[in-house]
Amino acid sequence: MYALVDGNNFYVSCERVFRPSLVGHPVVVLSNNDGCAIARSNEAKALGIAMGAPWFEIAHLAESAGLVALSANFALYGDMSDRMMSLAAGLGPGQEIYSIDESFIDLDGVRGCLTQRGHKVRERILDWIGIPCCVGIGVTKTLAKLANHIAKTAERKPGSYPEHLALVCNLAALTPPALQEVLAATEVREVWGVGRRIAAQLKESGIHSALDLARLDPAMVRRRWSVVLERTVRELQGLACIELELAPARKQEIACTRSFGHPVTHLADLGEAVTEFASRAAHKLRAQGSLAGQVLVFIRTSPFRPQAQFSRSIITPLRRPSADTGVIVAAALSSLRAIYRPGYHLARAGIMLLELQPNTVLQGELDLQEGAAPQRTRLMTTIDDLNQRYGRGTVIMASAGLAGDRRAWTMKQERRTPGYTTCWADMPVVRA
DNA sequence: TCTGGGGTCCTAGGACCC
DNA sequence: TCTGGGGTCCTAGGACCC
């Protein structure tokens, strides 16, 4: 038995904790570069704003409907997430943190009424952290996910589901006919693992609701679609196929990619950007105790612009696996020089670290040259410590350039809220 | 003028091995 | 007319998730 605890409109809810005046008003949080809406309050959803809607297409709603748009403040959301997760963990013996705003809880061995316990945790998160969330409970993770969707929808759109399923929905407590009714009222697209493409294919075959999908023959689904969808069907039928992952697995790839605030044409500017991306990726790499074997760099123009398009990437193997910022930046910059062509308005660049391996495994080598200098590892640890203690960007590679407006490529964030919980200077002050 | 960022898994097909 | 059998590794592409 699993529960899924999921924050409602999470980024918007985080902002509202510190700006309660936003409650009741349509609010969206924008992606990097203030590009498109990645979180919407219920009021914003009611205005018809779609997930991912470009800001320039909905900006007129600020005037006409009082829509408030904020730049994404990921430091704030990450910190609020940690607080929410620690309370959600109280629901059962195991927790999988699935994304920034949702976690699965293992309910095995939990006694008492699960629905009541769900309500208690929900209220505690709302009281202590200020984040509204919904709880879904089911025999499998897929059913818990679906239950959570139903809990949210029942609250947001009264009449869509029985009233008692709002906020906390325990599908395992329903009678079989009641469960069927609820599944029949749920679009197949809402099932975890069914995306746009597969939903369209299913509909063509007359599979419209979650109930229709649950009634399919798993073997047929495997033949016609895939083993992935087969698992989804079995999970809907109550057979657990997807396990709880208590510890996050080591990443197999680490990426850092960004769109630019303005089009970039010069190699020098690109070099600064790529240096910063590579430095950040190398830091993430060390944080999970890995080494990278390859570095991928790409640059590209905007596919939305009519001008000449350009998109190139290159993979450069490292001489030996490394987590050294200097080594990774050097590889990234020489890769960049290899693919760069002047004359294009580049909109985006990025780096990916590939062929990751644990830093505890070191391949011996037949090499008469000197090996990796051991003091470099200590240098990297020192840099990470300094940046941890005094803030990101305290110690950087010189080729990243100096921060400030001078940098042509930095992203646009015109509506960023303060780091209320992560920066001393931004901490709210209570006055008597 | 203006359209995010970071991941995972699975499959099919080709190259290659003995 | 008729050309084995069993396997691995790699890559590109497609699908999904938040």
Side-chain angles (χ1 to χ4, degrees), chain A residues 4 6-11 28-40 49-60 62 69-74 77-78 81 96-104 141-142 145-146 148-149 188-202 221-232 235 241-243 245 248-263 277 280-281 284-285 288 294 296 298 300-307 313 315 345 347-356 411-415:
Chain A
L4 180 72
D6 188 331
N8 300 354
N9 315 328
F10 185 66
Y11 297 166
V28 293
V29 169
L30 302 175
S31 62
N32 278 338
N33 267 315
D34 295 343
C36 51
I38 54 171
R40 306 156 294 154
I49 297 172
M51 187 65 171
W55 168 239
F56 71 89
E57 285 179 5
I58 56 173
H60 64 93
L70 300 169
S71 301
N73 184 345
F74 291 114
Y77 311 150
S81 171
E96 172 185 343
I97 295 175
Y98 178 66
S99 77
I100 192 163
D101 71 331
E102 53 188 314
S103 65
F104 287 102
K141 286 170 81 176
T142 302
K145 267 289 243 190
L146 201 63
N148 189 283
H149 166 78
V188 73
R189 173 68 179 88
E190 305 300 338
V191 175
W192 189 38
V194 177
R196 231 186 32 231
R197 298 287 170 89
I198 289 176
Q201 293 165 16
L202 288 168
V221 171
R222 182 176 201 145
R223 260 182 277 119
R224 173 117 182 246
W225 280 278
S226 67
V227 66
V228 183
L229 193 64
E230 180 198 4
R231 282 200 280 257
T232 299
E235 284 245 325
C241 304
I242 307 172
E243 286 187 8
E245 284 168 32
R250 265 186 228 249
K251 302 227 178 303
Q252 303 173 46
E253 305 174 1
I254 288 175
C256 184
T257 73
R258 290 282 180 282
S259 297
F260 301 131
H262 304 279
F277 302 160
R280 286 198 192 195
K284 290 190 215 172
L285 186 67
Q288 74 158 24
Q294 296 180 333
L296 178 151
F298 75 85
R300 62 174 305 171
T301 51
S302 166
F304 300 105
R305 300 265 69 81
Q307 290 101 336
S313 69
I315 292 178
H345 290 254
R348 187 175 168 77
I351 146 160
M352 293 178 73
L353 303 179
L354 311 171
E355 304 246 290
L356 307 192
M411 63 186 178
K412 199 164 68 181
Q413 283 192 311
E414 289 167 353
R415 304 147 185 278

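Each chain gets a letter, A, B and so on, in the order its sequence line appears, and its residues count up from 1.
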Output yes when a side-chain donor or acceptor of [X] lies under 3.5 Å from a complementary backbone atom of [Y], and no otherwise.
X	Y	value
N33(A)	M411(A)	no
D34(A)	E414(A)	yes
Q294(A)	I315(A)	no
K145(A)	L4(A)	no

Side chain proximity check, W55(A) to S31(A), heavy atoms < 4.5 angstrom: no
Look at the side chain of [X] and decide which nucleotide, out of [options], has an atom nearest to it.
X	options	answer
R305(A)	dC18(C), dT3(B), dA15(C)	dT3(B)
R197(A)	dC2(B), dG6(B), dA15(C)	dA15(C)
P263(A)	dC10(B), dC17(C), dC2(B)	dC2(B)
I198(A)	dC18(C), dG4(B), dA15(C)	dA15(C)
A255(A)	dG7(B), dA15(C), dC10(B)	dG7(B)
K284(A)	dG6(B), dC17(C), dG4(B)	dG6(B)
K145(A)	dG4(B), dG6(B), dC17(C)	dC17(C)
I254(A)	dG7(B), dG4(B), dC17(C)	dG7(B)
V227(A)	dC18(C), dT11(B), dG6(B)	dT11(B)

Salt-bridge present (K141(A), E243(A); N to O < 4.0 Å): no
Phosphate contact (dC10(B) OP1 or OP2) by R231(A) side-chain N/O below 4.0 Å: yes
OP1 or OP2 of dG6(B) under 4.0 Å from side-chain N/O of R258(A): yes
5' priority, DNA chain B, between K412(A) and R222(A) [closest heavy atom]: K412(A)
Which residue lies more 5' along DNA chain B, comparing S226(A) with S302(A) via nearest heavy atoms: S302(A)
More than 12 heavy atoms of other groups within 6.0 Å of R250(A) CZ: yes
Report which part of the nucleic acid [X] touches: base, sugar-phosphate, or nothing (heavy-atom distance under 4.0 Å, all strands).
X	answer
I100(A)	nothing
D101(A)	sugar-phosphate
N33(A)	nothing
E102(A)	sugar-phosphate

Geometric class of the Y11(A)/Y77(A) ring pair [parallel <30°, tilted 30-60°, perpendicular >60°]: parallel
Pairwise P distance for dT3(B) and dC18(C), with rounding to whole Å: 25 Å
Each stem that DNA chain B is part of, given as range with range (3 or more consecutive Watson-Crick or G-U pairs, under 3.5 Å): B:5-18 with C:5-18
Length of the line joining L354(A):CG and dG6(B):C1', which is rounded to integer Å: 13 Å
Atom-pair distance (CZ on R196(A); P on dG14(C)), nearest Å: 13 Å
